[in-house]
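Okay, structure first, notes after.
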Amino acid sequence: MLTVVKPPVAASAPGKVNLHLGVADLRDDGYHELTTVFCALSLRDTVTVSTADHLQVTVSGEGADRVPTDHTNLVWKAAELVAEACGAYPAVSLHIDKNIPVAGGMAGGSADGAAALIACNEYFHAGLERQTLLDMALELGSDVPFCVMGGSAIGTGRGEQLLPVLHRTTLHWVLAIAKEGLSTPAVFREYDRLVARNRAEGISTSIGSPDALLQALAGGDLHAIANHLGNDLQAAALSLYPELRYTLRAGKDAGALAGLVSGSGPTCAFLCEDADSALAVSAELAGGGVCRAVRTASGPVPGVTVEEQAN
Ligand code: C5P
């Protein structure tokens with residue numbers, strides 16, 4: 001068969017932190033109803049699509065050895081979805097260059113799926129409309145539509161019904177990457193267990209509505225933003241990974257304004273006063289032995305971005 005070599009296409013997508021992650025009851029479809037405020041971060045993965053004999057995935061960068069390279073990888077599924085929609089054969093190589101922690105609660109796999117969708121749309125000249133791509137994104141996973149969109153947004157439903165949020169200030173973060181990953185379904189299961197136990201004892205621990213946070217974001221009031229960060233999954237992540245308590249305490253002791261578990265964890269995200277303070281906090285945490293690696297990042301940043309032609 002004659003293989004037509006097309007120019008490679010590379011796209012990058014951001015990781016995220018949930019400034020607010022409110023979890024409601026488990027739905028019949030196995031997902032929880034969420035109210036979440038996402039902020040896209042400057043930690044980005046890049047996916048490069050190029051011609052190959054058959055569909056294949058390679059990975060480099062942070063945690064590459066823990067990323068699957070078969071059909072379970074979201075980039076593989078993304079290439080199949082786009083190729084099928086435009087009647088092409090997905091004979092492509094997909095290379096992922098990772099910066100976002102693997103299994104870290106920062107939507108690393110989702111970012112890869114988002115970047116692959118947009119890169120494949122370009123590579124195959126599929127011309128799929130934005131809504132079609134967003135529908136495919138949700139088929140890949142709950143966080144993938146936000147990774148396509150980026151910026152700062154409130155998400156409801158599974159987290160995919162997105163509305164942009166007025167966000168007046170750049171937030172500077174330090175991310176403490178844990179030694180082990182956490183499985184998102186396992187953290188949600190632990191959340192259900194803890195909620196059932198608390199309900200039996202008449203205790204409610206929900207973080208409630210995001211209104212105060214949204215007001216703080218719109219006003220650009222950094223200290224109010226820090227006071228209103230919250231994550232209903234944090235107790236479940238801490239229950240499965242108790243050492244994270246030390247990490248959270250160490251970040252605050254190092255001078256962060258606030259710290260929380262990012263999404264389903266185990267990455268801990270620390271909001272800092274400014275870029276200089278973030279550097280100081282990251283240096284202190286890196287020397288403290290409470291995590292595997294430390295990164296700084298800022299946000300909000302744009303969603304998927306197609307890079308300059310790779311050759
Ligand atoms: O959508 P995604 O595949 O990323 O979700 C991974 C898992 O996280 C789901 O299978 C489910 O266990 C849990 N989840 C949930 N409620 C959500 C999103 C994810 O229970 N809104």
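Side chains are part of it too, since the values below use all heavy atoms of this structure and drop only hydrogens, waters and symmetry mates. When a ligand or atom number is given, it counts from 1 through the structure's own listing order.
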- prompt: Are any side-chain N or O atoms of N73 and backbone N or O atoms of P68, one a donor and one an acceptor, separated by less than 3.5 Å?
  reply: yes
- request: Using a strict 4.0 Å threshold on nitrogen-to-oxygen distance, state whether R295 and E62 make a salt bridge.
  value: yes
If you look at each N/O of ligand 1, which protein N/O atoms lie under 3.5 Å away, and at what distance?
residue: ligand 1; atom: 1 (O); partner: S142; partner atom: N; Å: 2.9
residue: ligand 1; atom: 1 (O); partner: S142; partner atom: OG; Å: 2.5
residue: ligand 1; atom: 1 (O); partner: R158; partner atom: NH2; Å: 3.3
residue: ligand 1; atom: 16 (N); partner: H32; partner atom: N; Å: 2.8
residue: ligand 1; atom: 20 (O); partner: H32; partner atom: N; Å: 3.4
residue: ligand 1; atom: 20 (O); partner: H32; partner atom: ND1; Å: 2.7
residue: ligand 1; atom: 21 (N); partner: H32; partner atom: O; Å: 2.8
residue: ligand 1; atom: 21 (N); partner: R158; partner atom: O; Å: 3.4

- prompt: Any cation-pi pair here, K252 with F270, using under 6.0 Å and within 45°?
  reply: no
message: What I'd like to find out is whether the side chain of E139 reaches to under 4.5 Å of the side chain of D135, using heavy atoms alone.
response: no
field: Plane angle bin for Y191 and H32 - parallel if under 30°, tilted between 30 and 60°, otherwise perpendicular
entry: perpendicular
- request: Mind listing the closest non-hydrogen atom pair of P14 and I100 along with its distance?
  value: C-CD1, 3.8 Å
